Colleague: 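Input: one structure, supplied below.
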There are 2 protein chains.
Amino acid sequence: MRAAERTADGENAPWGEVTPEAARKLLVAAVEAFAERGYHATTTRDIAGRAGMSPAALYIHYKTKEELLHRISRIGHDKALALLTAAADGGGTAAQRLAEAVRSFVRWHAEGHTTARVVQYELDALGPEHRAEIVELRRRSTATVRRILVDGVRDGEFDVPDVPGTTLAVLSLCIDVARWFNAAGARTPDEVGALYADLVLRMVAVRK
Amino acid sequence: MRAAERTADGENAPWGEVTPEAARKLLVAAVEAFAERGYHATTTRDIAGRAGMSPAALYIHYKTKEELLHRISRIGHDKALALLTAAADGGGTAAQRLAEAVRSFVRWHAEGHTTARVVQYELDALGPEHRAEIVELRRRSTATVRRILVDGVRDGEFDVPDVPGTTLAVLSLCIDVARWFNAAGARTPDEVGALYADLVLRMVAVRK
DNA sequence: GATGGCTCTAAGCGCTTGCTCACCCTCGGG
DNA sequence: CCCGAGGGTGAGCAAGCGCTTAGAGCCATC
């Protein structure tokens, strides 16, 4: 195994679970292409070209272009849900758990904004069954955040008149980072994460 | 002039400035198609079909499919900037102006989520010159919101450690409404606007 | 009632798309 | 040294793409 590679996402070996290597190279190429130009504007020739292979090679590892998108979306949503679950189960006060959830979720959307863009904005390109599977994962992410808010309200830490609406707003705020974040911009993923965690805590704080 | 028409966007005659009628019908059809399937996945035959015309009719009123997108994007961004500017110039305290800006901006993204989705998410499909023109409008929208925050901080109404970052977050929060809002959902545009105005005011409030 | 200018259509051009297929290369096991 | 299996390729198919063109219908003007 060669030394850890840094990807365009700034993560270490984020697609390690995808084997064999040719399949992983194609998937990484697809993520880049989908993020840059969108799923529908990306051709199988473009994906194969980025991976240094012929168009036909794609179909050895994936049945269709849509299956490629599904693999990407599935892995990304699994990761996102894992981050939120880890924060929610991490212990500490509700405020600490909420801050950690926002921090790590935002950081993931910023560091992996290439991947996140595909994961968050190309959902409609999935077929019905694949989309249903992904939507269920998203439902669980929402439930995880809502749970933290409910805990905080119960313990008197938070003042949240509309828990479902605020849950939606918090997730929405984090997700939209993928749209505007620019790796060449002024802010690092950590800085954005810290800023957003602060803003979210203010949104739910009890007014003294 | 005929009686006010209600569109899928829930706005009154939002495309009244587009003439002749055939051009407007094509543009409305394009908005729906672009919002549903995305610019690249939409065919000129689909647009023309929705408008009840032949594919060739499109090219009488618009040079290319991209010009259609540009007209939509331009009109939408003009409207968005007008909303924000009206709120910023509306008088009252900074908090009142900020709340009104968020309320109307959110309401527009919810009521016209079809249009807003095209306006906010299909920017990359524009050609370089058209995109530059739109980006300038967006810069002015950002500046308008930032001005309200700066005023509020100056007057001691707001506590905002990071004005540019918070400006970005506020706009981001509002824009993302276009992604998740569903007209058949539980909330009306007015309710979302009120909720979001409250959340944003909490984000900038001085802590007592 | 011929004319010229618009709007719109039927047909289709040249090209690209997602995907397939016949075949080739490499390489470990008998 | 041959073989079979599986990853890879070049060529190409049917379908669909954005867009064009020749001409039909309409209507105000002279």
Side-chain angles (χ1 to χ4, degrees), chain A residues 2 15-73 118 122-131, chain B residues 15 17-73 118 122-131:
Chain A
R2 66 183 63 159
W15 305 112
E17 62 207 278
V18 182
T19 55
E21 194 186 320
R24 182 167 56 246
K25 271 170 49 181
L26 285 163
L27 190 133
V28 169
V31 169
E32 288 175 15
F34 290 163
E36 268 178 37
R37 313 148 79 96
Y39 174 80
H40 289 293
T42 299
T43 69
T44 55
R45 285 163 178 81
D46 184 17
I47 297 169
R50 285 174 194 247
M53 305 174 85
S54 83
L58 201 154
Y59 293 90
I60 295 164
H61 300 284
Y62 303 96
K63 274 207 296 285
T64 62
K65 182 176 135 181
E66 192 266 353
E67 186 188 309
L68 241 179
L69 176 61
H70 173 242
R71 289 287 306 268
I72 295 166
S73 197
V118 179
E122 302 291 346
L123 233 129
D124 290 343
L126 290 170
E129 322 79 22
H130 285 162
R131 180 162 55 242
Chain B
W15 305 112
E17 62 206 277
V18 182
T19 55
E21 194 185 321
R24 182 168 55 246
K25 272 169 51 181
L26 284 163
L27 189 135
V28 169
V31 169
E32 287 175 16
F34 290 163
E36 268 178 37
R37 315 149 80 96
Y39 174 81
H40 290 293
T42 299
T43 70
T44 54
R45 286 163 178 81
D46 183 17
I47 297 169
R50 285 174 193 248
M53 304 173 86
S54 86
L58 202 152
Y59 294 91
I60 293 163
H61 301 284
Y62 303 96
K63 275 208 296 284
T64 64
K65 182 176 134 182
E66 191 264 354
E67 187 189 308
L68 240 179
L69 175 63
H70 173 243
R71 289 289 304 269
I72 295 167
S73 196
V118 179
E122 302 292 347
L123 232 128
D124 290 343
L126 290 170
E129 320 80 19
H130 284 163
R131 179 160 58 242

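Just so it is clear, the model here is predicted, and its values are computed rather than measured. First the proteins, then the strands, lettered A, B, ... as listed; each starts at 1.
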Colleague: Round to the nearest Å and state the distance from B:Asp46 atom CG to D:dG18 atom C1'.
Modeller: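 Value for this atom pair: 14 Å.
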Colleague: So do B:Tyr62 and B:Leu27 actually touch side chain to side chain, heavy atoms under 4.5 Å?
Modeller: yes
Colleague: Could you tell me how far apart A:Leu58 (CG) and D:dG7 (C1') are, to the nearest whole angstrom?
Modeller: 13 Å
Colleague: Counting heavy atoms from C-beta on, name the nucleotide in D:dT9, C:dG18, D:dC17 closest to the side chain of A:Tyr59.
Modeller: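 When the side chain of A:Tyr59 is considered, C:dG18 is the closest of D:dT9, C:dG18, D:dC17.
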Colleague: Let me know the distance between NZ of B:Lys63 and C1' of D:dG18, rounded to the nearest Å.
Modeller: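 Atom-to-atom, B:Lys63 to D:dG18, this comes out as 16 Å.
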Colleague: Nearest whole angstrom, please: distance from the P of C:dG18 to the CD of A:Glu67.
Modeller: 16 Å
Colleague: Taking OH from A:Tyr39 and P from C:dT17, how many angstroms apart are they, rounded to a whole number?
Modeller: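 Between P of C:dT17 and OH of A:Tyr39: 14 Å.
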Colleague: State, with a plain yes or no, whether a side-chain heavy atom of A:Ile72 is found less than 4.5 Å away from one of A:Trp15.
Modeller: yes
Colleague: Can you find a pair of side-chain heavy atoms, one from B:Val118 and one from B:Tyr39, that are under 4.5 Å apart?
Modeller: no
Colleague: Select one nucleotide: of C:dT17, D:dT9, D:dC19, the one nearest the side-chain heavy atoms of B:Thr64.
Modeller: D:dC19
Colleague: Which nucleotide in the list D:dG7, C:dC8, C:dT9 gets nearest to the side chain of B:His61?
Modeller: C:dC8
Colleague: Provide, to the nearest angstrom, the distance between the CD atom belonging to A:Glu21 and the P atom belonging to D:dG7.
Modeller: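 The distance from CD of A:Glu21 to P of D:dG7 comes to 14 Å, rounded to the nearest Å.
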Colleague: Report the nucleotide, chosen from C:dT9, D:dG18, C:dT17, that has the shortest atom-to-atom distance to any side-chain atom of B:Thr44.
Modeller: D:dG18
Colleague: Within the 4.0 Å heavy-atom criterion, would you say B:Ser54 contacts the bases, only the backbone, or no part of the nucleic acid?
Modeller: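 Base contact - B:Ser54 has a heavy atom under 4.0 Å of at least one base atom.
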Colleague: Looking only at side-chain atoms of B:Ala56, point me to the closest of D:dC19, C:dT9, C:dG18.
Modeller: C:dT9
Colleague: In the structure I gave you, are the side-chain heavy atoms of B:Leu126 and B:Glu66 within less than 4.5 Å of one another anywhere?
Modeller: yes
Colleague: A:Ile60 side chain: which of C:dC19, D:dG7, C:dT9 is closest?
Modeller: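 Nearest to the side chain of A:Ile60 among the choices is D:dG7.
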Colleague: Quick one: B:Leu69 CG to D:dG18 C1', roughly how many Å, whole number?
Modeller: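 Spelled out: CG on B:Leu69 to C1' on D:dG18 is 15 Å.
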Colleague: Given that A:Met53 and A:Arg45 both sit by DNA chain D, which one's nearest nucleotide is further toward the 5' end?
Modeller: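 Residue closer to the 5' terminus by nearest nucleotide: A:Met53.
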Colleague: Take atom CG of B:Leu26 and atom P of C:dT7, then tell me their distance rounded to the nearest Å.
Modeller: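 It is 12 Å, rounded to the nearest whole Å.
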Colleague: Are A:Arg131 and A:Leu123 close enough that some pair of their side-chain heavy atoms sits under 4.5 Å apart?
Modeller: yes
